[in-house]
There are 2 protein chains.
Amino acid sequence: MSARVVPEGSRQRRRPTKQGAVLSERLIVDTALRLVAQHGAEALSVRRLGAALGADPSALYRYFRNTDALLLAIADELIGRAQEGWEATGDWRADLRAMGLRIHRSYLAQPQAALLAAHRTTGRPHETRAVEKILGILRDGGFPDPLAVRVYHAFVDQALAFAAQDAAAAALPEAAGEADTEVWGEVYGRLPAETHPHIAATYPLLAADMQGSGYPFALELMLTALEALHPDTGGGAEKGHTKRK
Amino acid sequence: MSARVVPEGSRQRRRPTKQGAVLSERLIVDTALRLVAQHGAEALSVRRLGAALGADPSALYRYFRNTDALLLAIADELIGRAQEGWEATGDWRADLRAMGLRIHRSYLAQPQAALLAAHRTTGRPHETRAVEKILGILRDGGFPDPLAVRVYHAFVDQALAFAAQDAAAAALPEAAGEADTEVWGEVYGRLPAETHPHIAATYPLLAADMQGSGYPFALELMLTALEALHPDTGGGAEKGHTKRK
DNA sequence: GACCTTACGTCAACACCATTGACGTGTAAA
DNA sequence: TTTACACGTCAATGGTGTTGACGTAAGGTC
């Protein structure tokens, strides 16, 4: 027990570590991201992070209750970086596209960290700012509230889900990553037309397309559909209602 | 080294374990899934799996080169379960919808395992069968090959990405899961209208909508867009071309 | 400038993890 | 019946997150 847990972020006593480093939430997150970027997700352990900081591993527990809390801080940092220096233009179609691609790109820039973080809701400042921004794009763009909310949900989850999916591919522990890639040549390239006619017929196209991310196209599809649902252009009531609750 | 690695799946010598169990790839995968379903993803360790099987942990390495190989086997089993007892009807829209929801549901039924597996390409039989099936739906449905392939990619990645995303929410280590849920009430419910007007204005709708999965709606959006791209209905050339390579 | 409180960095320990090399036994083939 | 070796077991290695106890130096107070 004890009041071991973290004190609030503002006032600390800041005693330098044995090796001279002065810790802070900020420094720890940045170091973690650097560590992960340089040596892969598997390099992110409390011990290694401690070493990279020049501090005893257990010192981290003065700043984060556990590794999960650290993870959330990292996640929020990635969300923040996605929005850095960007403002909405007022064209909801272009703005959504930009937002989606930015989130996707930001996470992919740190695939190892993204993988750990993309599934979480942080509730931290960068995240709430992004939520506010996207909702604003939709509401100012003319989507009525109930629709705006549903679209927000689908849009954000799709961006994050694809980010995680693609990050996973980029972040796999080397060996596994090669295995995944090889599968497309070794297995799918050799399937006979008798048993798998469709794969055999489209294999060259398939192999080429699977190289990249499916997200940009999926995003365009979503935007196309949204245009149809938009009250001004598509006529909101006719097509949008799916049967699910 | 030694020829420790796995012998091929067919002929084995099957000596019963000390506790009387007779191991097999099949039994191991099933036990792993049961273990994960009952005690969560974190319960899936070589040691615990060994214990659940009634065997020495290291015996697993006679069947799978490492834990990653075991994971792929688990992933393929989930893909298999998604298709079990379903056949295409010939209506591409309905078939895609069914496939997508089935994959999503199958993975969510084993969220802990899905989380570990949804990002991988297995190249195993169940997977190739699913790929063949989906490509068939699109090609038989009248999509020209290049478009069919792009759509396949976006569709499959969307299904798997959302499956992982939603599985993650369902699979979080209890404590973290509660934290994520609470955030919606504690943080987003209290944001003042001055700083976050859009969130404040739509909060009740938001909180309600974020409860469920964004996938069904995202899937409907994709299907709507596909209708527009389909050569017969939409007029293939006019809208589909995005600028990405 | 001296005192006191306590935040926080350090140490040591615990219980867990994946993986591997050596070993010998029981099985299936000859 | 004999033989070969597949495969289950054992023991050990070097990793992991986390916690309780401890003492020191920093900050506020006088």
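Remember, predicted model here, so these are calculated numbers, not experimental data. Per chain, numbering begins at 1; letters A, B, ... match sequence-line order.
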(request) Measure from the side-chain heavy atoms of A:Ser58 and tell me the nearest of C:dT19, D:dT18, C:dT10. (result) C:dT10

(message) So B:His119 and A:Leu115, do their side chains get closer than 4.5 Å, heavy atoms only?
(response) yes

(request) Could you tell me which residues satisfy side chain to side chain donor-acceptor pair (under 3.5 Å) with A:His153, sequence neighbours excluded, listed by chain and number? (result) A:Asp157, B:Asp209

(request) Give, for atom OH of B:Tyr152 and atom CG of A:Leu206, the distance between the pair rounded to the nearest 0.5 Å. (result) 6.5 Å

(request) Using whole Å, report how far CZ of A:Phe64 lies from P of D:dG17. (result) 15 Å

(message) Rounding to an integer number of Å, can you tell me how far B:Asp56 CG sits from C:dC23 C1'?
(response) 13 Å

(message) Between P on C:dT10 and CZ on A:Arg62, what's the gap in Å once rounded to a whole number?
(response) 11 Å

(message) Tell me every residue that passes side-chain contact (heavy atoms from CB on, under 4.5 Å) with B:Ala159, counting only those two or more places apart in sequence or in another chain.
(response) B:Ile103, B:Tyr215

(request) From the options C:dG9, D:dT9, D:dT18, select the nucleotide whose nearest atom is closest to the side chain of B:Lys18. (result) D:dT9

(message) Output the rounded distance in Å from CG (A:Leu44) to C1' (D:dG17).
(response) 12 Å

(request) Starting from C1' on C:dC16, measure out to CG on A:Asn66 and report it in whole angstrom. (result) 17 Å

(request) List for me each residue that meets side-chain contact (heavy atoms from CB on, under 4.5 Å) alongside B:Pro57, sequence neighbours excluded, and say none if there are none. (result) B:Val46, B:Arg47

(message) Between P on D:dG17 and CG on A:Leu71, what's the gap in Å once rounded to a whole number?
(response) 12 Å

(message) Checking A:Gln158 now: which residues fulfil side chain to side chain donor-acceptor pair (under 3.5 Å) with it, not counting sequence neighbours?
(response) B:Gln158

(request) Can you tell me the distance, in whole Å, between the CD atom of B:Glu42 and the C1' atom of C:dA18? (result) 17 Å

(request) Taking only the side-chain heavy atoms of A:Tyr61 (C-beta and beyond), determine which of C:dT19, D:dT9, D:dT18 contains the nearest atom. (result) D:dT18

(message) Can you pull out every salt bridge (charged side-chain N to carboxylate O under 4.0 Å, His left out) where at least one residue sits in residues 189-199 of chain B? Sequence neighbours excluded, please.
(response) B:Glu186-B:Arg190

(request) Output all residues satisfying side-chain contact (heavy atoms from CB on, under 4.5 Å) with A:Ala52, sequence neighbours left out; order by chain, then residue number. (result) A:Thr31, A:Leu35

(request) Name the nucleic acid region contacted by B:Ala55, choosing base, sugar-phosphate or nothing; use a 4.0 angstrom heavy-atom cut-off, strictly under. (result) sugar-phosphate

(request) Nearest whole angstrom, please: distance from the P of D:dG8 to the CG of B:Leu49. (result) 13 Å

(message) On the nucleotide C:dG9, are OP1 or OP2 found under 4.0 Å from the side-chain N or O atoms that A:Tyr63 carries?
(response) yes

(request) Would you work out how much the helix from C:dG1-D:dC30 to C:dA30-D:dT1 bends between its ends, with each end axis defined by five base pairs, to 10 degrees? (result) 20°

(message) Tell me every residue that passes side chain to side chain donor-acceptor pair (under 3.5 Å) with A:Arg102, counting only those two or more places apart in sequence or in another chain.
(response) none

Give every pair of a protein N or O atom and an N or O atom of nucleotides 12-15 of chain D that lie under 3.5 Å apart, one pair per line with the distance.
none

